[in-house]
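So you know, we letter chains A, B, ... as the sequences are listed, proteins then strands, and number each from 1. Model, not experiment: these values are computed from the prediction.
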There are 2 protein chains.
Amino acid sequence: MISNKAKYALKAMTILARHHSKKMQANAIAEEGQIPYKFLEAILAELKNRGLVISKRGAFGGYVLGEEPEEITAGDILRVIDGPIAPLRCASVSGYQPCDDCEGEEICAIRNVMMDARIALSNVLDQKTLKDMAKFERGRKESIFDE
Amino acid sequence: MISNKAKYALKAMTILARHHSKKMQANAIAEEGQIPYKFLEAILAELKNRGLVISKRGAFGGYVLGEEPEEITAGDILRVIDGPIAPLRCASVSGYQPCDDCEGEEICAIRNVMMDARIALSNVLDQKTLKDMAKFERGRKESIFDE
DNA sequence: TTTAAATCCTAGTAATTCAATAGGAAATTG
DNA sequence: CAATTTCCTATTGAATTACTAGGATTTAAA
């Protein structure tokens, strides 16, 4: 399960991508995504620290994607907000840490399973880009208006 | 990330499986798995309620697997202890619940990603059985003794 | 039938994380 | 300078996590 915060982050980033990476204010993102404004500010701050968005302060400021929509993946965003994707740290690449009660990683069946899980999961999450996600929503919304 | 509790549950169940489903006491499982005894009791109670283990009370009591090791998967155990494995409830089969701010599941790119993630994850977790896990540990341990 | 050995059951607790909110400082533009 | 917007610090209430305590109940063997 991902946190609400992560869900909001994904939402905010897809909104930014859907608006074709034009500058948007937190205000507008919050409204469009139904995200509590102050909470969103905190989320954008974290995304900014990791370079996933770029901000401009002051009047007529706002936020822009830090990279091209096809270069930012769901995995990138989730790692910033919720930390490692692997179900266990000992099976993580980005956040590796051994279990303190570990008796040997090579013989641990649990780690073995979780390594497979991490690989399967990151194959999905690191492949899905913001471009894909924005396109998906645009496509679906249009097809609904067509009806 | 799975909880410590879930890790302990997986550990306890693989121990039970490795001992070829012989009756074991919580005591012995706790020692072998380095699991806090009282915590393990609570875990075994949950597993028992869902039929994953069968218990016998009183002197010379203990716990046995509730099904054959090849019929119990890592996914089964994780769902009992940590709940749904999907990253979002709206993408879950076992624990489906719509987001309260949902504007249409068919057009939601986040749900779309999380559905793919859930499928990838459950393909791994629902395939790995206790038999596989016990075999893995036995195999690895023997090969280490061979050195 | 007592007694020792187990599981079972109810409660509680300290620490952490989650999901925000509040208030104002700093920067930018017109 | 004034309005707008991001940035920073800090707090808070609720839930979850990771356990622990203590005793009730059941069972088997002496």
Pairs flagged by ring pair (Phe, Tyr, Trp, His ring centres under 6.0 Å) wherever residues 67-104 of chain B is involved - sequence neighbours left out: none

B:V113 reachable from A:L52 in the ILVMFWY side-chain graph, under 4.5 Å edges: yes

Identify all pairs in which a protein N or O lies below 3.5 Å from an N or O of nucleotides 15-21 of chain D, and state each distance.
{"residue": "D:dA18", "atom": "OP2", "partner": "B:N4", "partner atom": "N", "Å": "3.2"}
{"residue": "D:dC19", "atom": "OP2", "partner": "B:Y8", "partner atom": "OH", "Å": "3.4"}

Set of side chain to side chain donor-acceptor pair (under 3.5 Å) partners for A:E41, sequence neighbours left out: A:Y37, A:K38

Earlier contact from the 5' end, DNA chain C, for A:G58 and B:R57: B:R57

B:V80 backbone acceptor or donor facing B:R50 side chain under 3.5 Å: no

Axis deviation across the helix from C:dT1-D:dA30 to C:dG30-D:dC1, five-pair ends, to the nearest 10°: 10°

Distance-only check: which donor-acceptor pairs under 3.5 Å involve side-chain atoms of residues 56-67 of chain A, not counting sequence neighbours?
none

Spacing of A:L44 atom CG relative to D:dT6 atom P, expressed in whole Å: 8 Å

Contacts of type ring-ring contact (aromatic ring centres under 6.0 Å, His included), residue B:F39, not counting sequence neighbours: B:Y8

Partner residues of B:E31 under the side-chain contact (heavy atoms from CB on, under 4.5 Å) criterion, sequence neighbours left out: none

Passing option when B:I110 is tested against A:K128, A:M133, A:M13 for side-chain contact (heavy atoms from CB on, under 4.5 Å): A:M133

B:D101/A:K11 under side-chain contact (heavy atoms from CB on, under 4.5 Å): CA gap, chis, key distance, verdict: CA-CA 12 Å; B:D101 59 338; A:K11 219 169 178 180; 2.8 Å; yes

Qualifying residues under side chain to side chain donor-acceptor pair (under 3.5 Å), relative to B:K5, sequence neighbours excluded: B:E46

Side chain to side chain donor-acceptor pair (under 3.5 Å) partners of A:T129, counting only residues at least two apart: A:D132

Contacting residues from residues 45-56 of chain A, given that a heavy atom lies under 4.0 angstrom of DNA chain D: A:K48, A:S55, A:K56

Path from B:L88 to B:M115 over hydrophobic side-chain contacts below 4.5 Å: no

Atom pair distance, as rounded to whole Å: CG in A:N27 and C1' in D:dA3: 14 Å

Boundaries of the DNA chain C segment in contact with chain A, non-hydrogen, under 4.0 Å: C:dA19 to C:dT29

Separation of D:dC7 C1' from A:L40 CG (nearest whole Å): 13 Å

Set of residues satisfying side chain to side chain donor-acceptor pair (under 3.5 Å) with respect to A:R89, sequence neighbours excluded: none

